[in-house]
There are 2 protein chains.
Amino acid sequence: MGNDNCVIKKEIDIRNLYDLSELFKVFGDSTRIRIIGLLMDGEMCVYHIADNLNMNHSAISHQLRILRSAGLVRPRKDGKTVYYSLDDEHVEMIFKMGLEHIIHKNGVVEN
Amino acid sequence: MGNDNCVIKKEIDIRNLYDLSELFKVFGDSTRIRIIGLLMDGEMCVYHIADNLNMNHSAISHQLRILRSAGLVRPRKDGKTVYYSLDDEHVEMIFKMGLEHIIHKNGVVEN
DNA sequence: CCAACATATGAATATATGTTCATATGTATA
DNA sequence: TATACATATGAACATATATTCATATGTTGG
């Protein structure tokens, strides 16, 4: 890593670095991260998400759209209601990794 | 996970969720993620970071301050120059995990 | 078809945030 | 001490973004 032989890898990084920041930007909002936190426990419909977070359904819908276009969550329609779930295990991993960092920095918080 | 027995864990999550979004917010800027990308290869001084990114030294300094107060980078002073490096291995992990997600989503980009 | 419901979308507003410019701090060298 | 250099900081401006309100789309049941 870091030697100039690795030109291909460097290309990938440069090309994807902007996308990477965009990805983290999606995680970087308290409403969205709370939505992700809820979905860690399984799928949930818009109504219940909004209810859990004590927020406007519209606001949640807007945020879900952002999460959806970032490929972080996936909708499943059943009649009138739409259930959302985390798209893949990377999302959980990134979430958990961040949480570990926080806990590590704050000192161990476990009780 | 998700059952109401896990009150302690829930407490932790709720308390740390805002901090978590703040953490990702720091990753969620293209300048800062490029700085982190550079520091993946080892420590580097402000001058060279700015040079590498073709940016104002002031802008870099501002962003380094944000990275510093988030605990993502660490300064080492040597005479006039200040060298920055990634603070701990969590930072690299989060970076790599995100990159994997991007590459996974884009389809395999290798070569 | 109509009413009730769940979700989505668009426009508007208020707030947050990144970069620039000017200037300050701190360090080495003449 | 004076000058040059590396980095840091503060204010200002321009842009991005989250939430709200109003409205639209789509679905179920009467």
Side-chain angles (χ1 to χ4, degrees), chain A residues 17-39 42-87 95 98, chain B residues 17-39 42-87:
Chain A
L17 236 35
Y18 182 76
D19 292 343
L20 189 54
S21 72
E22 288 300 307
L23 172 67
F24 286 125
K25 200 173 289 181
V26 177
F27 282 90
D29 172 79
S30 63
T31 299
R32 288 193 293 265
I33 208 80
R34 282 185 299 159
I35 292 175
I36 294 173
L38 282 177
L39 299 185
E43 68 173 16
M44 189 176 283
C45 72
V46 180
Y47 184 88
H48 280 126
I49 296 174
D51 200 46
N52 262 281
L53 304 185
N54 263 316
M55 284 185 69
N56 211 331
H57 297 132
S58 179
I60 298 301
S61 204
H62 277 294
Q63 297 305 338
L64 283 171
R65 196 171 105 73
I66 293 172
L67 287 164
R68 223 185 317 125
S69 24
L72 302 191
V73 303
R74 195 175 22 194
R76 180 180 71 83
K77 204 169 186 178
D78 179 26
K80 289 186 280 190
T81 80
V82 180
Y83 295 91
Y84 281 89
S85 55
L86 299 183
D87 188 87
F95 183 91
Chain B
L17 236 36
Y18 182 77
D19 293 344
L20 188 54
S21 71
E22 289 299 307
L23 173 67
F24 286 125
K25 200 173 288 179
V26 177
F27 281 90
D29 172 79
S30 62
T31 299
R32 288 194 292 266
I33 206 81
R34 283 185 299 159
I35 292 175
I36 294 171
L38 283 176
L39 298 185
E43 67 172 16
M44 189 177 285
C45 71
V46 179
Y47 185 87
H48 280 127
I49 295 173
D51 200 46
N52 262 280
L53 303 185
N54 264 316
M55 284 186 69
N56 212 331
H57 296 132
S58 178
I60 298 300
S61 204
H62 277 295
Q63 297 305 339
L64 282 170
R65 192 170 108 73
I66 293 172
L67 288 164
R68 223 185 318 125
S69 25
L72 301 191
V73 304
R74 192 174 25 192
R76 179 179 71 82
K77 204 168 187 179
D78 179 26
K80 288 186 284 192
T81 80
V82 179
Y83 295 90
Y84 281 89
S85 56
L86 299 183
D87 187 88

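Here the structure is a predicted model, which is why all the values come from computation and not from measurement. These values consider heavy atoms only, across backbone and side chains, with no hydrogens, waters or symmetry-generated copies.
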Discussion item. I'd like to know if S58(A) reaches the base of dT9(C) with its side chain, counting only an N/O donor and acceptor under 3.5 Å.
Written reply: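 Between dT9(C) and S58(A), which were checked side chain against base, a qualifying N/O pair under 3.5 Å is present.
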[X] [atom1] to [N] [atom2], straight-line distance once rounded to whole Å:
X: I60(B); N: dT9(D); atom1: CD1; atom2: P; result: 15 Å
X: I49(A); N: dA6(C); atom1: CD1; atom2: P; result: 14 Å
X: L64(B); N: dT7(D); atom1: CG; atom2: C1'; result: 10 Å
X: N56(B); N: dA6(D); atom1: CG; atom2: P; result: 14 Å
X: H57(B); N: dT19(C); atom1: NE2; atom2: C1'; result: 15 Å
X: D29(A); N: dT17(D); atom1: CG; atom2: C1'; result: 9 Å
X: H48(A); N: dC5(C); atom1: NE2; atom2: C1'; result: 14 Å
X: Q63(B); N: dA8(D); atom1: CD; atom2: C1'; result: 13 Å

ring centroid sep under 5.5 Å plus plane angle under 30, H62(B) with dT9(D): yes
* **Any donor-acceptor pair under 3.5 Å from N56(A) side chain to A59(A) backbone** =>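 The answer is no, because no donor-acceptor pair under 3.5 Å joins these two groups.
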Which atoms of nucleotides 24-30 of chain D (N or O only) lie under 3.5 Å from a protein N or O atom, and what are those distances?
none

Sugar-phosphate only, base, or nothing, as touched by [X] at under 4.0 Å among non-hydrogen atoms:
X: Y84(B); result: sugar-phosphate
X: I66(B); result: sugar-phosphate
X: S61(B); result: base

Please determine if a side-chain N or O atom of R65(A) lies less than 4.0 Å away from the OP1 or OP2 oxygen of dT7(C).
-> no
| request: Over 60° means perpendicular and under 30° means parallel, so classify the ring planes of F24(A) and F24(B), tilted if in between. | output: parallel
Exercise for review: Show your reasoning for whether side chain to side chain contact (heavy atoms under 4.5 Å, CB included) applies to H62(A) and H57(A).
Suggested key: CA-CA 9 Å; H62(A) 277 294; H57(A) 297 132; over 6 Å; no
Heavy-atom nearest nucleotide on DNA chain D taken for A59(A) and for K25(A); more 5' hit belongs to K25(A)
Check your understanding: Side chain of T31(B): nearest nucleotide among dT7(D), dA8(C), dT19(C)?
Key ->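 Nearest to the side-chain atoms of T31(B), counting from C-beta on, is dT19(C).
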task: Please assess Y83(B) against T81(B) for the test side chain to side chain contact (heavy atoms under 4.5 Å, CB included), listing each intermediate value before the final yes or no.
output: CA-CA 7 Å; Y83(B) 295 90; T81(B) 80; 3.1 Å; yes
Check your understanding: Are R68(A) and Y84(A) close enough, and set up right, to give a side-chain hydrogen bond (donor to acceptor under 3.5 Å, both in side chains), and what steps lead you there?
Key -> CA-CA 9 Å; R68(A) 223 185 317 125; Y84(A) 281 89; 3.2 Å; yes
Walk me through whether Y47(B) and I60(B) qualify under side chain to side chain contact (heavy atoms under 4.5 Å, CB included).
CA-CA 9 Å; Y47(B) 185 87; I60(B) 298 300; over 6 Å; no
Exercise. Can L72(B) and L86(B) be said to form a side chain to side chain contact (heavy atoms under 4.5 Å, CB included), step by step?
Worked result: CA-CA 6 Å; L72(B) 301 191; L86(B) 299 183; over 6 Å; no
